[in-house]
Protein chains: 2
Amino acid sequence: MNIKTIANIAGVSVATVSKIINNYSDISEETRQRVLKIMDENGYRPSSSAKTLATKKSNLVGVVFAGKLNVDFSHPFFVQVINTFKKQIGLLGYDLLFFSNEKFLDQGEDYLARSKYFQVDGCIIIAGDEVESSVYDLDASPIPCIGIDIELTGQGSCYIMSDNEKISPKVVEHFYMNGYRDIGFIGLQRASLVMQQREDAFKRSLKQFSLDTKPEWMVYSKDYAAEDGYQAAKEMLARGELPRAVFAATDLLAFGAMRAFKEAGLRIPEDIAIAGCDDIEACRYTDPPLTTVKQDTDKIGRLAAMILFDLMNKQMDNQCIKVEPELVVRQSCGVAVPGIEG
Amino acid sequence: MNIKTIANIAGVSVATVSKIINNYSDISEETRQRVLKIMDENGYRPSSSAKTLATKKSNLVGVVFAGKLNVDFSHPFFVQVINTFKKQIGLLGYDLLFFSNEKFLDQGEDYLARSKYFQVDGCIIIAGDEVESSVYDLDASPIPCIGIDIELTGQGSCYIMSDNEKISPKVVEHFYMNGYRDIGFIGLQRASLVMQQREDAFKRSLKQFSLDTKPEWMVYSKDYAAEDGYQAAKEMLARGELPRAVFAATDLLAFGAMRAFKEAGLRIPEDIAIAGCDDIEACRYTDPPLTTVKQDTDKIGRLAAMILFDLMNKQMDNQCIKVEPELVVRQSCGVAVPGIEG
DNA sequence: CTGAAAGCGCTTACAG
DNA sequence: CTGAAAGCGCTTACAG
């Protein structure tokens, strides 16, 4: 069942049918209704491939999970971003194509080749650690790209990320407002760009409030898992003098630290306060629930869709958009000095 | 840059180039190498739409999130299934197309129309609650479909789900083996098919072990959230006589119940043991970590890819495959009677 | 307001 | 081992 069959049944040309499908105005209402009816009766459906071939537009957006580490449907941040992105871009008339990296990575193919192959109208590039260079070929191509957590510099590219500089200050400020003055940190030994930013901003923020910072209060974990946070906290405990509050660079590290502190007989937050970062779902169910900083994934996803749409449909300059993170206060940071509440 | 340009540069016909692209054997090695080199030098990439138009095969698998409720990238079960499915189907040479329901649902379009439009070779249908009827049109069509948690009856369809009948018995058996005899249940007031199966199998399992079941030990929550589990547990507490162990139909309900029991001064598992169902990530970080039943999402995802591949490439009968769930033992169920360990 | 025809970039019998 | 040509199902100037 194709456009020709419909044209034959209706006794019109394929050009006319095509115009009706695409809502052209220069068709008589009578013809339009008649042809529409025939299409409906015959369950006619246009073919995307023929249309794409003829128009060079696919109405498809490619989704690139870049980086070898930590990018996956299992990563809560990316899942949330993609979720709102999908809804918003769907409203704008695009469907999503998820590239399978598995097979073609072996063959030395790249994202650009895949994008060309499918003639996607644009791409969303979501980056974890260790981003492959082929991602930047895509960025440099004329295909519009919107980056999440990755700096894109191509002509038709923009990128969005949380304002990472503001994450640590929000936590430090919260600690400060609640009367905590001795503040520790659990970071990562091999810090990614984002992790490094969190650490640097943490130190800067302490200075702003003229707070002491002792080397004993800074520990670095081997990896991202809760177990690594547990080990890091054990090390902090072993060093003797503890801070009164600890900021862990991720929620998972905070979970591990909480367990270590509890095992050492400390109460949270009465003896030691803890804050994490990311606001993964589990923060709500720990004992006590974890105060943390949430990235505004909803806003990031929606913005990404809007901007990509503009990139695909009109000229736009390369830009970086930063989205404000948000402090989520739960019970893991109590009030250290009564009367000084945040 | 198309096949014709390459053919011209190489001084061969487009047919020859096409055969080289598709690894036909009846091409002289000399020609093959020469043309391959030219393609490479010119950065030539074939076009999916032209190929699909000519062959009626797209190498695309459509992903349908069916149902109005609880199906989304934010649902851990589906995310995990899709994750392994994507990897496996990628290895088999297919990419994934995620249909945007948003726009076309308004227009009364359906999944079948979308599938035809994109000429997907097959679909994976993942179902939550309240599945739309248009899903069954897809099922009934000649397009191969693999269903997850949804009964598909079409010619070219198969479906996979966890063996839900075995979930509750695994928990009851675990309780029993650990010496618990008084076992309660937190279910859902408006139970979906899956939830109803869990409840029925729970009751049956108690009978098998000749265990008492008191109405006071069975409570029903309003909804899926942890807060609902909290309220349900409060109700159980209010009724007076408590069971020694409680099976909550989902992890979230279990989290809420744990909080309610702790607030009432009960220790877990010393005073009351709890088990959940689903094995969401947070189970690892509650205090104590929650014993639960995990669906084998890895197996489900891989099986789905394998079976769909077969459905797309050869005849296969409509079948239902059940995947064994797995008990994940953590610390929320201790040993009630010393010496009787599970 | 409608139609004839070229073209989008591939594949595939078929002939040689 | 190679090529000429028809065909896949659309769109789009262009002519009328």
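Given the structure is predicted, the values throughout are model-derived calculations rather than measurements. Order of the sequence lines fixes the chain letters, A, B, ..., with proteins taken first and strands second; residue numbering starts at 1 for each chain.
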So, does [X] get its side chain near the phosphate of [N], meaning an N or O under 4.0 Å from OP1 or OP2?
{"X": "A/Ser13", "N": "C/dG3", "result": "yes"}
{"X": "A/Thr16", "N": "C/dG3", "result": "yes"}
{"X": "A/Lys51", "N": "C/dC8", "result": "no"}

>> Is it true that B/Lys51 and B/Asn22 share a donor-acceptor pair across their side chains at a distance under 3.5 Å?
In response: yes

> Would you say the side-chain atoms of A/Thr84 and A/Asp298 include a donor-acceptor pair closer than 3.5 Å?
Replying inline: no

Indicate yes or no for a side-chain donor-acceptor contact from [X] to the backbone of [Y] under 3.5 Å, with no hydrogens or angles considered.
{"X": "B/Asn318", "Y": "B/Leu152", "value": "yes"}
{"X": "B/Ser157", "Y": "B/Thr153", "value": "no"}
{"X": "B/Asp121", "Y": "B/Val61", "value": "no"}
{"X": "B/Asn42", "Y": "B/Tyr44", "value": "no"}

Value in whole Å for how far the [atom2] atom of [N] lies from [atom1] of [X]:
{"X": "A/Ile6", "N": "C/dG3", "atom1": "CD1", "atom2": "P", "answer": "15 Å"}
{"X": "A/Asn59", "N": "D/dT11", "atom1": "CG", "atom2": "P", "answer": "12 Å"}
{"X": "B/Ile21", "N": "C/dT11", "atom1": "CD1", "atom2": "C1'", "answer": "10 Å"}
{"X": "B/Asn8", "N": "D/dA4", "atom1": "CG", "atom2": "P", "answer": "11 Å"}
{"X": "B/Lys4", "N": "C/dG7", "atom1": "NZ", "atom2": "C1'", "answer": "10 Å"}
{"X": "B/Gln119", "N": "D/dC10", "atom1": "CD", "atom2": "C1'", "answer": "11 Å"}
{"X": "A/Lys57", "N": "D/dC10", "atom1": "NZ", "atom2": "C1'", "answer": "16 Å"}
{"X": "B/Gln33", "N": "D/dC1", "atom1": "CD", "atom2": "P", "answer": "14 Å"}

> With under 30° as parallel and over 60° as perpendicular, where do the rings of B/Tyr94 and B/Phe309 fit, or are they tilted in between?
Replying inline: perpendicular

Give one of base, sugar-phosphate or nothing for [X], where a contact means two heavy atoms less than 4.0 Å apart.
{"X": "A/Asn2", "result": "sugar-phosphate"}
{"X": "B/Thr52", "result": "nothing"}
{"X": "B/Tyr117", "result": "nothing"}

>> Using the side chain to side chain contact (heavy atoms under 4.5 Å, CB included) definition, which of the options B/Leu311, B/Leu138, B/Ile150 pairs with B/Cys145?
In response: B/Leu138

> Taking it one step at a time, do A/Tyr24 and A/Thr16 satisfy side-chain contact (heavy atoms from CB on, under 4.5 Å)?
Replying inline: CA-CA 9 Å; A/Tyr24 278 49; A/Thr16 300; over 6 Å; no

Taking only nitrogen or oxygen atoms into account, show me every contact under 3.5 Å that the protein makes with nucleotides 12-16 of chain C, one pair per line with its distance.
{"unit_1": "C/dT12", "atom_1": "OP2", "unit_2": "B/Tyr24", "atom_2": "OH", "d": "2.9"}

>> Counting only side-chain heavy atoms from C-beta out, which of C/dT2, D/dG3, D/dC8 sits nearest to A/Ile27?
In response: C/dT2

> Among the nucleotides D/dG9, C/dC1, D/dT2, which one has an atom lying closest to any side-chain atom of B/Ser28?
Replying inline: D/dT2

>> Looking at A/Glu281, I want to see if its CD is surrounded by more than 12 non-hydrogen atoms of other residues, nucleotides or ligands under 6.0 Å.
In response: yes

> Where each pair must be Watson-Crick or G-U wobble with both distances under 3.5 Å, what dot-bracket representation of DNA chain C is obtained, with crossing pairs in [ ] and other-strand partners as |?
Replying inline: |||.||||||||.|||

